[in-house]
Amino acid sequence: MLVFVIRRLLQSLLVLFVMSLLVFAGVYAVGTPIDILISPEATQADRIAVVAALGLDKPLWLQYLLFVQHAFGGDLGKSFAYNIPAIQLIFERMPATLELASFAMLLAVVIGLPLGLYAGLKPKSLPARSIMAGSILGFSLPTFWVGLMLIMVFAVWLGWLPSNGRGSTVALLGVPVSFLSIDGLRHLLLPGLTLALLNIALIIRLTRAGTQEALLTDYVKFARAKGLTDARVVGVHILKNILIPIVTVIALQFGSVIAFAVVTETIFAWPGMGKLLIDSINVLDRPVIVAYLLIVVAMFILINLLVDIAYSLLDPRVRLSDAGTN
Amino acid sequence: MTDVLEVRNLHTRIDSASGVVHPLDGIDLTLKAGETFAIVGESGSGKSMTALSIMRLLPEPGWIERGEVNLDGHNILTLPEYRMRDVRGARIGMIFQEPATSLNPVLTCGEQIVEVLERHKIEEGPAARRRATEWLKRVGIPDPERRMDEYPFQLSGGMKQRVMIAVALAAEPQVLIADEPTTALDVTIQAQILDLLKSLQKERGMAMLLITHDLAVVAQMAHRVALMYAGEIVKIGPRDAFFAQPLHPYALKLFASLPGAGKRGEPLASIKGFVPPLHGQFTGCRFADRCDYAYDRCRKQAPAWHGPDPQHQARCHLLDPREEWRLAELLRREDDKVPEAADFAAPADAGDLLEVRDLKVHFPIRKGLLKKVVGQVKAVDGVSLSIRQGRTLALVGESGCGKTTAGKALLQLVPVTGGTVRFGGNEVLGLKGAELKRMRSRMQLVFQDPFGSLNPRMRVGEIIAEGMASFGIGANAQARNDRVAELLGQVGLAVESRYKYPHEFSGGQRQRIAIARALAANPQLIVCDEPTSALDVSVQAQILNLLKDLQKTLGVSFLFITHNIGVVEYLAHDVAVMYLGRIVESGTAEEVLNRPRHPYTQALLAAVPRLNTESKLPPLTSEVKEHLAADIPSPANPPAGCHFHTRCPLAVEACKAAYPAEVAVSATHKVRCIMVQPE
């Protein structure tokens, strides 16, 4: 297992390196931030001074080498717009996004898993058909539209829930969180649901397919022949087996939810990383964009690693055979 | 003995796209305490459906239309589902065919036994665990404490089957239903599992319903036997009488289609036609269309039960006392038939076609950060054999011994580590490009699974012609077309078959297509890898007859890779026995099968269940069985010295020292065992 983790970490470094190259070149190609950052009235001398201060006068390869050099010291550059380290800026916003993403995934599992199990066990019943039809909506409705509709219905027409912001936060270990107060929860609900919708649909489909496949297996037949109750056959024999692919998808989706919460955060004015990214792109704040993308990549890598470890906890075949051999 | 289980007039139905299917049409049987009752039949006869109906575990679209299943006099078909769950596992236990897939892969062996004990309120908590451990010990699992916490994948196939038996018996049911309990196992393991079932049954006095397609297993295990065909029982009787008098024409054919040493040289009996579709009502006998003795009454009226005594009966009009004259007439006609001359003279010695020396296939095991090679799986480790023109060499051995890999290595379908393969006098290993292609056209392959080995999206004609085109056989498309028609005729298929797709054919027909495809390249050698093990006996007989005919007319040689000793006895001229990547004994079929010298060959042959006592070999003693019960070692780490010493009843210290040299018992008979002296 240790060998496996070490090999994966080495591979991850390679991925990070390639990614940094791509991101750096890509952001450079988008355009120069000078025109946005410096007011048109500034003199040519001021202009040159600012360009030199930001290091934009150097050739691209030198800029990249300097960036890499600093990156090894944990410094991904200072934000052009805020003039504070990009990392610090991102980490300040991160808890909000993480909270939103976790809440959305929790909703997805709590709603998706039971519905998927039901649809798999009784595929021909009316509720199961409705669930499956509903899941198609979950796949096909665009996030921004769902968000807007939810705001219109629950915030504007019914006035039950707030439409933007985090509400009042409570400090948990020094980090501000929303879910510990009623007001915070009310603020979480709409953006969380918006973000969860696609994942609910995904988990329903996966769980249903897994359940139907498991129902045909010999071990389920044998479990029934032992006289076990349905609760035990479904809850232990089936669930433990189908959880493996579901956990993978949940974890990978968690990554994408974090990375692509951009739209939802913008609609609900949720003060997270996604909103920061949009703002940074608007002003071409290069260090923040680069840092953000690299952090997201690192997060994906970490999640993938955790999935592999989770695998080994769920599947004894992985746990007990040397994972390093494959 | 009292009746424990009684099935009366059981009718099961299944909804399908093509209408309601009747897999069971009026099944009657009784099971007495302490008795083994066997249901035999070919696939689709309804034998597994009977078991699932009794357990009320039918697949979703199936239901029981009418009938009774009385357990201790109470009909369990009328119980509500929640009460039925108290019956399953506790009063009727069931084991399935595939131990590898029937145990839940993510639960430990212990958990799977304990949950039965707790469900049926026999023991709870630590007491349940103790009881489960006892059960593992009772089914013969060494070191049960450790095995309790192991997962199924850590156990060998035989061990898994033992665990499944422990699970099924943990709640001490009165009835055990065993559905093909040993079909997935090797013969030496099968012998142990059958013994275990027998002894547990005796100890507990339970009734056992044994479901199998293997007549020899039935002959060994059952007290009474029922033969099923197309959803009904066609013959029922006590074991000895059942096998001594076929009574029913179907039973007669079935017995005659079994390959074996006694039938060498004769064609095996085969049954014409197919099992009829099971939709709706039959007006006459279900077997009439395939029966050689059918007459008008058979098509008009369903036969009643007749037979020499009330215990031994069959559904056949010919047994009706009023038809006695007809039966006598038929028997007289049968006697007049001149038996086909046994023709098993091996062809004149035309020299070696294939000469394999010291063939090795090693697969590296990689481990660690840099994937360093830390060992080798020696799948094939120095195999030498030769096949002569027009003869059949059988390569036999248990699963995992490397026989399939050896076959693939000859055709260079797996990378070869070392050795030489001379085909028609020329070295073929290391050939590349056009030369390799030319060589491959001379050596063809027929696979075990006729479903997976034919491309489902190609028409049969295309499948057969494809190889010809790629090997450049046939001048043009027209010539190839003619050849396809000729090949289809040769393997006994209609010419129109060329326009159909593989899924339109039965398993046996598909295997014929695969043989036609192999023949298309005009090969001199065909490697047949278990070509009949996925087929029913009556279909197997047809394929074996076909292969023998082809050998006679085309002079092609066969390398027959199989674990089925009956097939070997029937078909092979020469035999090589493989164990853990090496050949331990080889010689002519007569030498190896009748006078085996290697202890492994002796054990293998003795473990094969047989219909009658045609084998001259003494049965295995319990001491020998105990030795054999040891797990087959892994080919990645074979035991030092003779690989077989860990399971050998004759092993001495010297066996562990070095791999035994080849001892020539005769010019053709060679054995690798230090206990064998040349004669």
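Because only heavy atoms are used, hydrogens play no part in the values below, and waters and symmetry mates are left out as well, while side chains stay in. Letters go in sequence order (proteins before strands), and every chain restarts at 1.
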Q: Check the surroundings of atom CD in Gln212(A): do more than 12 heavy atoms from other residues, nucleotides or ligands lie under 6.0 Å from it?
A: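 Yes, CD of Gln212(A) has more than 12 neighbouring heavy atoms, counting only those of other groups under 6.0 Å.
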Q | Atom CD of Glu172(B): over 12 foreign heavy atoms under 6.0 Å | A |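 Enclosed.
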Q) Do Val167(B) and Phe222(A) come close enough that some side-chain heavy atom pair is under 4.5 Å? A)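 Yes, side chains in contact.
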Q) Considering only heavy atoms from C-beta outward, does the side chain of Thr101(B) approach that of Tyr219(A) to under 4.5 Å? A)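 The answer is no; the side chains never approach within 4.5 Å.
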Euclidean distance, [Y] [atom2] relative to [X] [atom1], rounded to 0.5 Å:
X	Y	atom1	atom2	answer
Lys226(A)	Met164(B)	NZ	CE	10.5 Å
Gln97(B)	Asp218(A)	CD	CG	8.5 Å
Glu60(B)	Leu216(A)	CD	CG	10.0 Å

Q | Exercise: do Gln112(B) and His237(A) side chains pair donor with acceptor under 3.5 Å | A |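 No.
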Q. Closest heavy-atom contact between Leu52(B) and Lys221(A)?
A.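 Scanning both residues, the minimum pair turns out to be CD2-CD, 4.5 Å.
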(Q) Restricting to non-hydrogen atoms, name the atom on Pro105(B) and the atom on Asn241(A) that form the minimum distance, rounded to 0.1 Å. (A)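 What the structure gives for the nearest pair is CG-OD1, 3.3 Å.
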Q | Sole candidate of Val106(B), Leu107(B), Asn104(B) that passes side chain to side chain contact (heavy atoms under 4.5 Å, CB included) when paired with Val236(A) | A |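 It is Leu107(B); the other options fail the test.
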Q) So which of Arg119(B), Glu118(B), Arg88(B), His120(B) actually passes side chain to side chain contact (heavy atoms under 4.5 Å, CB included) with Leu228(A)? A)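 Only one of Arg119(B), Glu118(B), Arg88(B), His120(B) forms a side chain to side chain contact (heavy atoms under 4.5 Å, CB included) with Leu228(A), namely Arg119(B).
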Q) Using non-hydrogen atoms only, which part of Met94(B) is less than 4.5 Å away from chain A: side chain, backbone, both, or neither? A)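 Answer is both: backbone and side chain atoms of Met94(B) are under 4.5 Å from chain A.
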Q: Examine whether an atom of Met84(B) lies under 4.5 Å from a heavy atom of chain A, and if so say whether it belongs to the side chain, the backbone or both; otherwise answer neither.
A: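 Neither part.
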